[in-house]
Amino acid sequence: MTDDTLPAAPPPEAILEAALYADDLDAAQRFYSDVMGFEELARVEGRHVFFRVGQSVLLIFNPAATARGSSNAALPVPAHGAQGPGHVCFAASRSDIAAWHTRLAAAGHPVEAEFDWPNGAHSLYFRDPAGNSIEFAEPRLWF
């Protein structure tokens, strides 16, 4: 079936949630709460911890637990997951990125890379305790 033969559907408005994976949920919880300052929304011991990020939610899953899927018949979430480090990028102004650079250094989290893209947008990369690649970038990188 080609795109022009499929029934019409509107495009999504935004990404509601994004997922990263971490074997050590306690370390992830400390990092995303204490260093990143995100509000914890939910936690199921050994399975996941979720955080509010503006109008979105960051899901941190234990990959071994989500590979089995849900055991709750009322919430039949299918098995899913990934192995190895993932990536997420948070929108921030250039001045906010500078503040994050300072905060990360003070918290002992080294910056892996920081540079300007060809369109002039600024990015900063670092790793969370699970090795996921975390980025702050000016939204004009894409818009």
Next on the checklist: Is the distance between the ring centroids of Phe50 and Phe38 under 6.0 Å?
Outcome noted: no

Next on the checklist: Any side-chain to backbone donor/acceptor pair from Thr66 onto Gly81? Under 3.5 Å, distance only.
Outcome noted: no

Checklist entry - Which is it for Glu138 and Asn119 under the side chain to side chain contact (heavy atoms under 4.5 Å, CB included) test, yes or no, and what are the steps along the way? => result CA-CA 11 Å; Glu138 291 180 285; Asn119 73 352; over 6 Å; no

Next on the checklist: Check for me, please, whether Val53 and Ile60 land in the same ILVMFWY cluster - side-chain distances under 4.5 Å, paths through other members count.
Outcome noted: yes

Item to check | Distance in Å, Glu40 CD paired with Tyr32 OH, rounded so as to fall on 0.5 Å steps | outcome: 13.5 Å

Checklist outcome for this item: The reported gap from CG in Leu20 to CG in Leu59 (rounded to nearest 0.5 angstrom) is 8.5 Å

Item to check | Plane angle bin for Phe136 and Phe90 - parallel if under 30°, tilted between 30 and 60°, otherwise perpendicular | outcome: tilted

Item to check | Atom CD of Gln55 with >12 non-hydrogen neighbours under 6.0 angstrom | outcome: no

Checklist entry - So do Pro85 and Arg127 actually touch side chain to side chain, heavy atoms under 4.5 Å? => result yes

Next on the checklist: I need the Arg68 CZ to Arg47 CZ distance, nearest 0.5 Å.
Outcome noted: 8.5 Å

Item to check | For the student: nearest non-hydrogen atoms of Asn132 and Gly86, plus distance | outcome: OD1-N, 2.7 Å

Checklist entry - Cluster question for you: counting only ILVMFWY and a side-chain heavy-atom cut-off of under 4.5 Å, with indirect links fine, are Leu124 and Leu58 together? => result yes

Next on the checklist: Taking Val88 as the starting point, is it possible to reach Phe31 by hopping between hydrophobic residues whose side chains are less than 4.5 Å apart?
Outcome noted: yes

Next on the checklist: To check you understand the geometry: which heavy-atom pair defines the closest contact between Gly46 and Ala65, and what is its length?
Outcome noted: O-CB, 3.6 Å

Checklist entry - Taking atom CD of Glu45 and atom CG of Leu25, what is their separation to the nearest 0.5 Å? => result 7.5 Å

Checklist entry - Taking Ser56 for the side chain and Ile15 for the main chain, is one N or O donor matched with an acceptor at less than 3.5 Å? => result yes

Checklist entry - Same cluster or not: are Leu141 and Phe143 linked, directly or through other Ile, Leu, Val, Met, Phe, Trp or Tyr residues, by side-chain heavy atoms under 4.5 angstrom apart? => result yes

Using distance only, find each side-chain donor-acceptor pair of residues 97-110 under 3.5 Å and give its atom names and separation, not counting sequence neighbours.
{"unit_1": "His101", "atom_1": "ND1", "unit_2": "Glu114", "atom_2": "OE1", "d": "2.6"}
{"unit_1": "Thr102", "atom_1": "OG1", "unit_2": "Ala98", "atom_2": "O", "d": "3.3"}
{"unit_1": "Arg103", "atom_1": "NE", "unit_2": "Val35", "atom_2": "O", "d": "2.6"}
{"unit_1": "Arg103", "atom_1": "NH2", "unit_2": "Asp34", "atom_2": "O", "d": "2.9"}
{"unit_1": "Arg103", "atom_1": "NH2", "unit_2": "Val35", "atom_2": "O", "d": "3.0"}

Checklist entry - Are Val49 and Met36 connected in a single hydrophobic cluster, I mean Ile/Leu/Val/Met/Phe/Trp/Tyr linked by side-chain heavy atoms less than 4.5 Å apart? => result yes

Item to check | Contacts of Trp117 that satisfy ring-ring contact (aromatic ring centres under 6.0 Å, His included) - sequence neighbours left out | outcome: Phe115

Checklist entry - Looking only at heavy atoms, which two atoms of His87 and Tyr125 are closest? And how far apart? => result CE1-CE2, 3.8 Å

Checklist outcome for this item: What one should report as the nearest heavy-atom pair of Pro78 and His80 is O-ND1, 3.0 Å

Checklist entry - Which atom names give the shortest non-hydrogen contact between Ala67 and Ala79, and what distance separates them? => result O-CB, 3.1 Å

Checklist entry - What heavy-atom pair brings Gln29 and Phe51 nearest, and what distance separates the two atoms? => result CA-CZ, 3.9 Å

